[in-house]
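As structure tokens, the structure follows; a few thoughts come after it.
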Amino acid sequence: AQKITQTQPGMFVQEKEAVTLDCTYDTSDPSYGLFWYKQPSSGEMIFLIYQGSYDQQNATEGRYSLNFQKARKSANLVISASQLGDSAMYFCAMREWSDKLIFGTGTRLQVFP
Amino acid sequence: NAGVTQTPKFRVLKTGQSMTLLCAQDMNHEYMYWYRQDPGMGLRLIHYSVGEGTTAKGEVPDGYNVSRLKKQNFLLGLESAAPSQTSVYFCASRRQGDTGELFFGEGSRLTVL
């Protein structure tokens, strides 16, 4: 059974600093995809970044990058130069060959001035 | 550009009542998903569909049924609502392909008294 673990219920970061949100996963499938989503207090789910299991390079999208360590089964999200608007819940998710897409329990990030 | 639309947005039910949540997408996506979101639990997959006429169980399927009679619609049914089904329900869809991220609806808040 696939499983996603986010061990940080909450994180604080000062504006303009970088922050890493942890995500580990468990799968025996050689082909899988990893996603990060942001959920602001307004409730909508916003796609941030994707990493495929066969991708050789870490994914990047603007200030977001995914630190993919396949052997350790980790897919941490790095947000550079944090902004007040980054305060939100962040969810890691994984898709296996079965096309199930499973989410972790999330990390609440708070950015302070 | 409607994207993914969920109806209704809010509903209050009494224990034992039945109801159906409708999810409609206009992006011609193959895959559709129903999740529930509860505090501290993240998003949990209820059922999903990989194409018209197909459905599959997710992590927490008990007490729910689904149907995908048309490609653009994915219905979630509660035959006999229970207080434990009080939650925010999200529908999502995605295209075929490894990098297809989920597009989410705005959520439906269901309260069962």
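Reminder, nothing fancy here: chain letters follow the sequence lines and each chain counts from 1.
- When all heavy atoms of A:Lys100 and B:Lys57 are compared, the pair lying nearest together is CE-O, 3.5 Å.
- Neither the backbone nor the side chain of A:Gln51 comes within less than 4.5 Å of any heavy atom in chain B.
- Ring centers of B:Phe104 and A:Tyr37: under 6.0 Å apart, within the cut-off.
- Put simply, the side chain of B:Gln37 reaches to within 4.5 Å of the side chain of A:Phe91, judged on heavy atoms.
- Annotation: the span from A:Thr105 atom OG1 to B:Met41 atom CE amounts to 9.0 Å, rounded to 0.5 Å.
- Between A:Asp99 and B:Arg94, the shortest heavy-atom distance links the atoms OD1-NH2, 2.7 Å.
- The distance from atom OH of A:Tyr50 to atom CG of B:Leu102, rounded to the nearest 0.5 Å, is 11.5 Å.
- The 12-atom threshold is exceeded at CZ of B:Arg44, counting heavy atoms of other residues, nucleotides or ligands nearer than 6.0 Å.
- Sparse packing is recorded around CD of B:Glu106, with 12 or fewer heavy atoms of other residues, nucleotides or ligands lying under 6.0 Å away.
- For a residue to count as touching a neighbouring chain, one of its non-hydrogen atoms must lie under 4.5 Å from one of that chain's; by this rule B:Leu43 touches chain A with backbone and side chain alike.
- Linking ILVMFWY residues whenever their side-chain heavy atoms come closer than 4.5 Å, directly or via other members, places A:Leu109 and A:Ile4 in the same cluster.
- Atom CD of A:Gln69 is surrounded by more than 12 heavy atoms from other residues, nucleotides or ligands within 6.0 Å.
- Shown here is B:Lys70, whose NZ atom has no more than 12 heavy atoms of other residues, nucleotides or ligands within 6.0 Å.
- The two residues A:Met45 and B:Phe90 make their nearest non-hydrogen contact at CG-CE2, 4.4 Å.
- The CG atom of A:Leu101 lies 5.0 Å from the OH atom of B:Tyr33; values are rounded to the nearest 0.5 Å.
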Can you give me every donor-acceptor pair (side chain of residues 7-24 of chain A, partner residue at least two apart or in another chain, under 3.5 Å) with its distance?
from	atom 1	to	atom 2	distance (Å)
A:Gln8	OE1	A:Asp22	N	2.7
A:Gln8	NE2	A:Asp22	OD2	3.3

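- Residues A:Phe35 and B:Val4 do not share a hydrophobic cluster, defined by chaining ILVMFWY side chains whose heavy atoms lie under 4.5 Å apart.
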